[in-house]
Amino acid sequence: MSLDEAYFNRILAFVKEDPTSRWAVNAVEDIEGGWESLSRSIPKLQYTPGSDHARRLGDWLRTGVISPQSTVSDLPNAILGPLVIIAQLVEFLQYAGSSSQSSPGSGQGFNLPSRAHTETVGCCLGVFSALVVSSSSSWAQFRHNAAAVLRAVFVLGALSDAQDTSEFTGPSISLIAFWRGGQSLADLKKVLDKFPDVSLTLFLYMLWKLN
């Protein structure tokens with residue numbers, strides 16, 4: 001649960017210097033610019049200053065430096081979640097960059113195995129990063145999917161922050177569900193029907209946008 005300042009400074013410095021990572025800055029700027037409209041559509045977001053959080057994260061991405069002495073306990077989920085996604089995708093970009101044939105600047109597309117013989121898995125927020133890669137067939141699509149996931153994770157984090165700060169709802173409760181390949185989303189829905197306060201709307205919308 002610690003926040004490695006030196007590590008995230010390396011991640012942010014990469015985003016600042018790498019022209020193919022502009023998707024991260026653009027996504028955060030989209031959130032900041034559209035927050036008022038988004039809050040009208042999802043009233044619970046009015047309980048958290050998402051625009052300020054987006055501006056703060058955007059400043060980090062543009063300067064390549066995280067605020068000194070930042071900790072997990074003093075950062076909102078709206079910032080922590082996107083930071084994890086950005087770090088994971090930057091790690092992937094650096095891995096891809098180690099091969100001149102598959103790096104973003106090479107002009108080559110992704111070389112993914114057939115979806116019929118693979119499944120997308122990840123741990124916690126890693127599911128979202130894995131979806132970005134497994135749903136992309138080109139670097140242009142990777143950037144599109146990465147920005148879409150970053151926006152969705154920011155909103156999910158902001159909803160969690162709003163849940164924790166709302167005097168009407170109290171602190172949030174996290175539920176984790178997993179299943180082996182071959183079972184349908186209907187199985188997950190059946191389980192979550194036992195928890196009427198849980199909504200899959202935003203998550204399903206993000207999956208639909210990726211597909």
Side-chain angles (χ1 to χ4, degrees), residues 11 14-15 18-31 34 38 41-42 54 57 61 77-160 174-189 191-192 198-211:
I11 294 295
F14 178 90
V15 173
D18 179 39
T20 65
S21 295
R22 182 67 192 177
W23 54 266
V25 179
N26 291 342
V28 174
E29 290 176 345
D30 286 345
I31 294 166
L38 192 60
S41 301
I42 310 175
L57 180 57
L61 292 169
N77 292 309
I79 288 180
L80 286 173
L83 268 181
V84 171
I85 296 298
I86 291 168
Q88 291 174 341
L89 293 178
V90 164
E91 294 276 13
F92 174 76
L93 287 170
Q94 291 175 332
Y95 162 76
S98 66
S99 169
S100 60
Q101 294 182 343
S102 62
S103 65
S106 67
Q108 300 296 320
F110 276 49
N111 183 22
L112 295 176
S114 169
R115 293 189 183 185
H117 301 97
T118 61
E119 61 180 343
T120 301
V121 296
C123 179
C124 194
L125 287 172
V127 171
F128 294 93
S129 300
L131 281 170
V132 171
V133 177
S134 64
S135 300
S136 303
S137 58
S138 67
W139 286 108
Q141 195 169 25
F142 171 88
R143 290 189 289 270
H144 170 82
N145 291 341
V149 161
L150 188 58
R151 289 191 294 266
V153 168
F154 185 99
V155 173
L156 288 172
L159 284 171
S160 178
S174 297
L175 300 175
I176 299 176
F178 66 92
W179 65 94
R180 296 186 182 277
Q183 291 178 277
S184 69
L185 187 62
D187 295 323
L188 178 59
K189 174 95 167 43
V191 173
L192 292 179
V198 175
S199 173
L200 285 178
T201 303
L202 183 60
F203 181 65
L204 293 178
Y205 175 75
M206 187 207 71
L207 291 180
W208 174 78
K209 291 294 285 184
L210 282 177
N211 292 327

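Computed from a prediction, not measured in an experiment: that's the story for all the values here.
Interatomic distance, CG of Asn26 versus NE2 of His144, reported as 13.0 Å (0.5 Å rounding). Atom CG of Leu61 is separated from atom CG of Leu150 by 8.0 Å, given to the nearest 0.5 angstrom. Remark: Asp18 CG to Gln94 CD distance equals 9.0 Å, nearest 0.5 Å. Expressed to the nearest 0.5 Å, how far CZ of Phe128 lies from CG of Leu89 amounts to 12.0 Å. Going from atom CG of Leu57 over to atom CD1 of Ile86 covers 5.0 Å, rounded to the nearest 0.5 Å.
Closest of all the heavy-atom pairs between Leu93 and Ser21 is CD1-OG, 3.6 Å. Phe154 approaches Ala78 most closely through the heavy-atom pair CD1-O, 3.0 Å. In this structure, Pro82 and Val153 approach most closely via the heavy-atom pair N-CG1, 3.8 Å. The two residues Ala27 and Ala147 come nearest to each other via the heavy atoms CB-O, 3.8 Å.
In summary, the side chains of Asn145 and Ser136 do present a donor paired with an acceptor at a separation below 3.5 Å, with no hydrogens or angles considered.
Looking at Glu29 and Arg151, no side-chain N of the basic residue comes within less than 4.0 Å of a carboxylate O on the acidic one, giving no salt bridge.
Between Trp139 and Phe142, the angle of the ring planes goes over 60°, which puts this pair in the perpendicular group of the 30/60° scheme.
Evaluated for a side-chain contact (heavy atoms from CB on, under 4.5 Å) with Leu125, the options Ile85, Leu83, Leu80 yield exactly one hit, Ile85.
Panel note: side chain Asn77, backbone Leu156; no donor-acceptor pair is recorded below 3.5 Å. A distance-only check finds a donor-acceptor pair linking the side chain of Gln141 to the backbone of Ser137 [under 3.5 Å].
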Apply side chain to side chain contact (heavy atoms under 4.5 Å, CB included) to residues Phe92 and Ser129 and explain how you reach the verdict. CA-CA 9 Å; Phe92 174 76; Ser129 300; over 6 Å; no
